[in-house]
Amino acid sequence: MSTALDPQRTITELKELRALTGDANGAQRVAFTPTWAMARAWLLSKLDEIPAEVHNDAAGNMWATLRGVSEKALLIGGHFDSVPNGGWLDGCLNVLAGVEILRRISAQYDGRPPVTVRLVDWADEEGARFGKSLFGSSACSGNLDMDEARALVDRDGVRLPDALREHGIDFERVKDSGRELANAAAYLELHIEQGPVLLDLDLPLGAVLGTFGVERHAITFHGQAAHSGSTPMNRRKDAFLAAGKMGAEIYRIAERSGSGVCTIGSCTTKPGIVTSVVEECRITLDQRHLDPAALARMHAEAREASEQFAREGNVSVAWERLWHIAPRPFHEEIIALCDDAVRETCGVSHRLPSGPLHDAAEVARAGIPTVMMFVQSLHGISHNKIEDTKEDHLALAVTAFDKLADKALAWIAAR
Ligand SMILES: [Zn+2]
């Protein structure tokens, strides 16, 4: 076996996987389905050529371990599962780049690198079937809500524990997978960006700073229904007027926050007829930022604005939290290694936060030094069959990610 990395082989294997597990509508590797199991059997055949031990943990995550001189382990992660009609790169690029890096490291060190190297294929990152993302990684990090997960049911009425049993997984034991992290010293994940930032900057690769925290609320303004003909404008208690002002305000809040984003995703009115002033208006607000203090400030500013608009319009306002997750900043030193690897590969790097959540967020939450590398997405689109990345960018991504793996191995060995 040659000791050189072969990024072109990764691209060939991605196409092979696409042909095996996709159709005219895109990738069909939904977790815990026969197509997903077939994809994993194919992955196993690829790993067969490498002197790595392969096993599935208690949560169904697949691990390939190349034992090193030191038990301290470098982890490389990804997910083979896809959404229905998904793209050809989301998740599996990470895994197959990891396979290529295992091949390179194994050949270079004759099967025994200075530090243990492990590739993990997380089970059910997407949550496409049961509506709950990051299943395998959150079980492993210990953060899976067992009561919530036990009650999950798919569209056909199949319970998650029953679907897991079909794949040899005992739901009540899934958190035993946490022991896999015992010697983990660093975690790396390559992913397509799934957004337009690198595309707009005309850059192939970037170092990811962490995943956004999210504040998600429903905001209900309450006024008084009144006849749209007989009620003078100055006598109205118009709940929609107050809610409508929020539409412009969130753009100012997001701008002041630097890199945060705010979305009003829904708006419903009562009584909702053409001849009545709006009595009740409910909007939802989703706010995201990488910095916890900035996220808290964005939330506070939105609250203050809503109270001001309510006073101005002589209506009341009530807030209800729908969901919250804290930001997961990645590890400063490993981010710097990632930056270096990108710069050495293509001359220039860029640091950016991740809007979507990833398995890396769960690993970081478990206290393991973590970083992600993003490669540019064409169209800035993912979870769609048109998801794509230029092949020369894919090759650069595998090369840069391999450099990062080397730097991380040295970083672990020196600690
Ligand atoms: Zn993904």
Side-chain angles (χ1 to χ4, degrees), residues 10-11 13-14 17-18 21-22 25-33 35-36 39-40 43 59-62 75-99 119-141 187-199 205-212 214 288 325 328 330 338 352-365 370-389 393-394 397-398 401:
T10 306
I11 296 170
E13 287 176 340
L14 282 163
L17 180 67
R18 176 171 63 182
T21 58
N25 297 314
Q28 306 297 346
R29 295 182 305 276
V30 175
F32 310 123
T33 62
T35 308
W36 173 75
R40 274 204 159 174
L43 174 62
N61 305 306
M62 184 191 270
L75 309 187
I76 297 172
H79 62 94
F80 244 33
D81 72 299
S82 74
V83 295
N85 306 327
W88 73 296
L89 300 169
D90 181 357
C92 53
L93 167 64
N94 338 4
V95 178
L96 290 173
V99 170
L119 174 67
V120 53
D121 168 26
W122 299 111
D124 200 6
E125 191 270 352
E126 299 285 3
R129 182 169 163 198
F130 292 96
K132 174 92 184 136
S133 305
L134 311 182
F135 168 77
S137 54
S138 66
C140 190
S141 74
Y187 176 82
L188 312 177
E189 188 172 330
L190 172 68
H191 208 285
I192 52 165
E193 185 202 328
Q194 304 178 288
V197 174
L198 293 172
L199 180 71
L205 302 169
V208 183
L209 293 162
T211 56
F212 274 163
V214 183
R288 303 183 185 218
I325 189 165
R328 297 280 165 231
F330 293 154
C338 184
L352 70 167
S354 172
L357 279 169
H358 290 285
D359 293 309
E362 283 299 333
V363 183
R365 200 174 174 189
T370 292
V371 76
M372 292 183 74
M373 183 184 287
F374 274 172
V375 59
Q376 187 193 103
S377 291
L378 289 172
H379 330 291
I381 292 249
S382 186
H383 286 190
N384 187 309
K385 68 174 177 181
I386 69 164
E387 167 194 294
D388 205 4
T389 293
H393 287 180
L394 291 175
V398 178
F401 197 53

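Just follow the structure's listing: the first ligand is 1, and inside any ligand the first atom is 1. Residue numbers count from 1 along this sequence. All of these numbers come straight from a predicted model, not from anything done at the bench.
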To the nearest 10°, what's the angle at the Zn ion (ligand 1) between atoms NE2 (His79) and NE2 (His191)?
120°
State the atom name: nearest N, O or S atom of Asp90 to the Zn ion (ligand 1).
OD1
For Glu387 and His379, test the side chains for any donor-to-acceptor distance below 3.5 angstrom and give the result as yes or no.
no
Ignoring hydrogens and geometry beyond distance, is a side-chain donor-acceptor pair present between His79 and Asp90 at under 3.5 Å?
yes
If you measure only the distance, is there a donor-acceptor pair under 3.5 Å linking the side chains of Glu362 and Ser137?
no
Looking only at side-chain N and O atoms, does Ser377 offer a donor or acceptor that is under 3.5 Å from a partner on Glu193?
no
The Zn ion (ligand 1) and Glu125: any N/O/S contact shorter than 2.8 Å?
no
